[in-house]
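Contents: one structure, followed by commentary.
Values below: every heavy atom of this structure, side chains too, minus hydrogens, waters and symmetry copies. Quick caveat, the model's predicted, so the values are computed rather than measured.
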Amino acid sequence: MIKILIADDEMPERELLVHLIDERFGHEAETRCAENGRIAVTVATLWDADIVLMDIEMPGIDGIEAARQILEQRPLTRIIFVTAYSLFSYAHEAVKLGALDYILKPVDGDDVENAVRRAAMQIETMKQLEAAAADARNLDENAALDKAAQLIFRVKKYIQHNYMSYDISLDSVSDILNMNSSYLSSLFKRCTGINFVDYIADLRIANAKELLRDPLRSAAEIADMVGYESSSYFTRAFKKKTGMTPTEYRKSTMSAEEGT
């Protein structure tokens, strides 16, 4: 069962989210509520919350600071901000912090369900990843070869679910697996034919290409959404992979679509 904490200083908002979770997830989820950021930190850490749906503007400590404190103690908790504020500065801070998603009020039931299911999938992938690593360490050489392939398959799934996080890296995944990073790098290359860093970059650029089809999204916003903290680094990485800057790619795509 997924433990979901709902943190919002407005009771109607808390009740609405509880209703949506109960309606969409039923017995799959258990919910608790917090009326401010300080209580949210306490409940999330003592109750071992898997997912926190949290408003940003709350009395005491705001949602950004509350999320920071929760993640310091429970780094695997998934944070989803639910807020009336659509300012890009908030979104930037949320992504930089490691938040999974950012939902605007008034909330849409489908948006909430999709965000929670995505978070739950990440949590399950993490558990499977850790279990597969433990199994691989306890097998003989022949069995370990097959298990290694399964492990790398789960590593790829984990990257696919988390590539948009700034802090995903060979070292961070190695820490989760309790595995030497050089060994994981070698194993990943042997099983996939591509190195770990390039695999993440390819995922980020592929998703950036899709996002660039939306003319209302800036390159800086897209950089954040696919896991690049620096828009200039995103531009360099994009050009290295495609031969064009994000702006040039967008123009070429729009021209091609207009010509069809």
Side-chain angles (χ1 to χ4, degrees), residues 1-87 90-91 93-131 154 157-158 160-165 176 224-225:
M1 180 175 288
I2 309 166
K3 293 182 177 181
I4 303 175
L5 173 63
I6 296 166
D8 197 304
D9 60 310
E10 298 181 10
M11 183 179 292
E13 297 292 344
R14 295 197 300 272
E15 292 177 343
L16 173 60
L17 286 168
V18 169
H19 172 73
L20 284 173
I21 296 299
D22 287 345
E23 180 182 61
R24 301 296 179 105
F25 293 90
H27 296 299
E28 294 179 62
E30 178 183 358
T31 58
R32 289 195 183 181
C33 294
E35 62 191 39
N36 61 51
R38 198 170 304 282
I39 294 174
V41 174
T42 301
V43 175
T45 53
L46 294 181
W47 184 50
D48 294 333
D50 296 308
I51 302 168
V52 181
L53 289 164
M54 181 151 53
D55 191 14
I56 289 181
E57 290 294 317
M58 291 189 291
I61 60 175
D62 64 22
I64 296 288
E65 178 58 30
R68 184 176 288 109
Q69 292 185 24
I70 290 169
L71 292 172
E72 283 178 355
Q73 300 180 66
R74 288 187 51 79
L76 301 186
T77 297
R78 294 299 185 255
I79 306 292
I80 301 169
F81 285 117
V82 184
T83 179
Y85 290 84
S86 59
L87 295 177
Y90 275 120
E93 184 67 19
V95 173
K96 184 177 179 181
L97 180 65
L100 173 66
D101 226 322
Y102 187 88
I103 301 172
L104 291 178
K105 295 179 181 179
V107 297
D108 177 82
D110 290 341
D111 289 343
V112 173
E113 180 178 358
N114 290 338
V116 171
R117 290 201 183 280
R118 181 180 166 208
M121 186 181 299
Q122 287 191 5
I123 292 166
E124 180 59 28
T125 301
M126 178 79 75
K127 291 177 180 177
Q128 292 178 358
L129 190 61
E130 292 174 333
R154 296 192 188 283
K157 287 292 185 184
Y158 176 76
Q160 290 163 16
H161 293 152
N162 293 276
Y163 70 88
M164 69 294 297
S165 299
I176 293 170
D224 264 329
M225 294 175 71

* Are Lys105 and Asp8 close enough, and set up right, to give a side-chain contact (heavy atoms from CB on, under 4.5 Å), and what steps lead you there? -> CA-CA 12 Å; Lys105 295 179 181 179; Asp8 197 304; 2.7 Å; yes

* In Å, rounded to the nearest 0.5 Å, how long is the span from CG of Asp62 to CZ of Arg38? -> 11.0 Å

* Provide the closest heavy-atom pair for Phe25 versus Glu113 in the form atom of the first, atom of the second, distance. => CZ-O, 3.8 Å

* Structure fact -> Smallest heavy-atom separation, Ile80 atom then Ala119 atom, equals CD1-CB, 4.4 Å

* Which heavy atom in Ala49 sits nearest to a heavy atom in Thr77, and how many Å separate them? -> O-OG1, 3.1 Å

* To do: Measure across Ala67 and Phe81 and return the closest heavy-atom pair with its distance rounded to 0.1 Å.
  => CB-CZ, 3.8 Å

* Structure fact -> d(Glu57 CD, Ile64 CD1) to nearest 0.5 Å is 9.0 Å

* Asked: What are the two closest heavy atoms between Met54 and Ala66, and how far apart are they?
  -> SD-CB, 3.8 Å

* For Asp9 and Pro59, which heavy atoms make the closest approach, and how far apart are they? -> CB-CD, 3.5 Å

* Return yes if some donor-acceptor pair links the side-chain N/O of Asp50 with the main-chain N/O of Lys3 below 3.5 Å, else return no. => yes

* Structure fact -> Exactly one candidate in Val41, Ile39, Leu46 meets side chain to side chain contact (heavy atoms under 4.5 Å, CB included) with Val43; the answer is Ile39

* To do: Report the C-alpha separation of Ile123 and Leu76 in whole Å, then their side-chain angles, then the decisive distance to 0.1 Å, and conclude whether the side-chain contact (heavy atoms from CB on, under 4.5 Å) test is met.
  => CA-CA 8 Å; Ile123 292 166; Leu76 301 186; over 6 Å; no

* To do: Answer whether the closest heavy-atom distance between the side chains of Glu13 and Ile6 falls below 4.5 Å.
  => no

* Euclidean distance, Leu16 CG relative to Arg14 CZ, rounded to 0.5 Å -> 12.0 Å

* Side chains of Glu65 and Gln69: donor-acceptor distance under 3.5 Å anywhere? -> yes

* Asked: In this structure, are over 12 heavy atoms from other groups packed under 6.0 Å from Met1 atom CE?
  -> yes

* Asked: Rounded to the nearest 0.5 Å, how far does NE2 of His19 lie from CZ of Arg24?
  -> 9.0 Å

* With no hydrogens and no angle check, is any side-chain donor or acceptor of Arg78 less than 3.5 Å from a backbone partner on Ile51? -> no

* Mind checking whether Lys157 and Met121 have side chains closer than 4.5 Å, heavy atoms only? -> no

* How long is the span from the CD atom in Glu30 to the CG atom in Leu5, to the nearest 0.5 Å? -> 11.0 Å

* **From Val112, Leu53, Asp55, residue fulfilling side chain to side chain contact (heavy atoms under 4.5 Å, CB included) relative to Val82** => Leu53

